[in-house]
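All ligand and atom numbering here is 1-based and tracks the order in the structure. Values below: every heavy atom of this structure, side chains too, minus hydrogens, waters and symmetry copies.
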Amino acid sequence: MSSGALHIDLDAIAANWRALDALTGCETAAVVKADGYGLDAARVARALARAGARRFFVAMAEEGAAVREALGPGPEICVFSGHMRGDTDMISDLALTPMVNSLDQLTRHFEALPGRPFGIQLDTGMNRLGMEWDEWAAVAAVALAERPVLVMSHLACADEPDHPMNAYQLDVFQQMTDGIAAPRSLAATGGILLGPQYHFDVTRPGIGLYGAAPFASARPVVQLDLPVVQIRALQEGEVVGYGNAWQAARPSRIATVAAGYADGLLRSLSGKATLWHGDTPCPLVGRVSMDLMTVDVTDLTEVPEALTLIGPHQGVDALAEVAGTIGYEVLTSLGARYARHYHSR
Ligand SMILES: *Cc1c(COP(=O)(O)O)cnc(C)c1O
């Protein structure tokens with residue numbers, strides 16, 4: 001078998017949810033959009049429901065369907081993109097809760113599904129989703145009379161605690177919502193770490209559950225081991241891979257491992273990443289190709305069966321840094337070809 005082994009620790013995800021929950025005095029929801037940040041929304045949502053999460057967020061109604069199927073009736077499943085045209089049947093049949101983003105969506109929801117749950121998303125300066133000040137001022141009384149389950153907004157710079165945008169958005173959110181009866185939510189993972197003023201009634205962590213920054217004390221969730229297909233000896237001066245991008249400066253042993261950019265291992269890792277055999281670092285040499293990577297294992301004393309790309313010596317964030325991206329992108333890029341092993345007690 002030549003597929004890589006992707007180990008996903010569901011207990012660690014649950015522990016991270018509990019740790020983030022313990023940082024606040026309010027309800028902690030869970031964001032499982034993009035198939036649970038690439039780790040399988042159904043499995044992740046079930047693990048989090050067992051840990052105590054009662055409210056889940058997805059990006060679009062289709063994702064809500066998978067989560068509803070996994071969780072059954074009961075838990076609230078909120079949809080960030082709101083009530084889009086064509087979503088009504090799904091929202092209704094699967095009891096999803098759209099976070100409506102505009103007067104258009106609000107009207108659609110009230111006309112199509114009167115009396116059915118909804119939330120409101122406000123824009124406090126990110127200019128991505130949600131009603132802006134004027135729109136909200138015009139519809140707030142009508143919308144609030146229908147008792148939204150949540151009124152929320154999203155922070156643009158919460159991973160930078162000193163960024164003035166945080167306090168600015170907090171102030172705008174308070175001005176837009178102070179005095180309303182509906183529960184409020186502003187914080188994702190970064191916002192939780194900014195402190196209690198940002199917590200309101202419900203927090204919405206995503207990335208911290210999956211073990212990545214900005215939740216520095218998160219338990220790691222993912223390990224990725226890649227099988228060695230072949231090992232060859234090179235003489236000094238021989239070259240490796242597409243474009244002859246690497247040349248041996250000494251007699252070398254090169255391992256070919258079975259994963260590449262088609263598995264989400266970004267080509268920008270070429271010539272830069274490190275794989276590990278136990279505690280020994282082995283540099284990736286040459287270019288990442290579609291299905292394969294080449295690794296210098298000259299300094300290993302034994303013949304490796306597999307090398308670790310994500311693990312104790314190099315977490316998701318460290319790998320992201322090498323690739324010039326963020327942990328979110330590394331996780332959501334992990335491909336469909338790995339053999340996935342889910343661990344829970
Ligand atoms: C993705 C997202 C979250 C979760 O953010 P993390 O940084 O992953 O914790 C919360 N709220 C909204 C609106 C989002 O889009």
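- When hydrogens are left out, the protein atom nearest atom 5 (O) of ligand 1 is A188 CB, 3.3 Å; that is the closest non-hydrogen contact.
- Per-residue contacts place V31 under 4.0 angstrom from the following atoms of ligand 1 (heavy atoms of the residue considered): 3 (C), 4 (C), 10 (C).
- Checked for salt-bridge contact, D9 and R345 miss the test: no charged N lies under 4.0 Å from a carboxylate O.
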Practice task
Take R54 and E27 through the salt bridge (Lys or Arg N to Asp or Glu O under 4.0 Å) test and state the conclusion after the steps.
Solution key: CA-CA 9 Å; R54 301 305 294 154; E27 179 189 340; over 6 Å; no
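- Here F57 has no heavy atoms under 4.0 Å from ligand 1, in either its backbone or its side chain.
- Of the residues V297, T294, L234, V295, the one that meets the side-chain contact (heavy atoms from CB on, under 4.5 Å) test with V285 is T294.
- Ring-plane geometry between F57 and F80 is classed as parallel, the angle between the planes falling under 30 degrees on a 0 to 90 degree scale with a further cut at 60.
- Remark: ligand 1 atoms within the under-4.0 Å shell around heavy atoms of K33 are 1 (C), 2 (C), 3 (C), 14 (C), 15 (O).
- The side-chain hydrogen bond (donor to acceptor under 3.5 Å, both in side chains) with H7 is formed by just one residue from the set H341, H343, Q223; it is H343.
- The shell of residues lying under 4.0 angstrom from ligand 1, judged by heavy atoms, includes Y37.
- Counting heavy atoms under 4.0 Å from ligand 1, residue H154 touches it through the side chain alone.
- Looking at T189 against ligand 1, both its backbone and its side chain come within 4.0 Å, counting heavy atoms.
- Polar contact with ligand 1: present for I207 (N/O pair, distance under 3.5 Å).
- Close approach of ligand 1 to P205 is summarised as follows: ligand atoms under 4.0 Å from at least one heavy atom of the residue are 9 (O).
- Of the polar atoms of G206, at least one N or O is found under 3.5 Å from an N or O of ligand 1, judged by distance alone.
- Side-chain N or O atoms of R250 include none that pairs as donor or acceptor with a backbone N or O of T298 at under 3.5 Å.
- Heavy-atom distances between G190 and ligand 1 stay at or above 4.0 Å for every pair.
- Below 3.5 Å of separation, one finds no N or O of Q121 facing any N or O of ligand 1.
- At least one heavy atom of Y328 lies less than 4.0 angstrom from ligand 1.
- A cation-pi arrangement is absent between R184 and F200, since the terminal nitrogen or guanidinium carbon is not both under 6.0 Å from the aromatic centre and inside a 45° cone about the axis.
- Here the side chain of Y338 pairs a donor or acceptor atom with the backbone of D263 at under 3.5 angstrom.
- For the pair R116 (side chain) and S92 (backbone), a donor-acceptor distance under 3.5 Å is present.
- For ligand 1, the atoms sitting less than 4.0 Å from at least one non-hydrogen atom of R128 are 15 (O), numbered in the order shown with element in parentheses.
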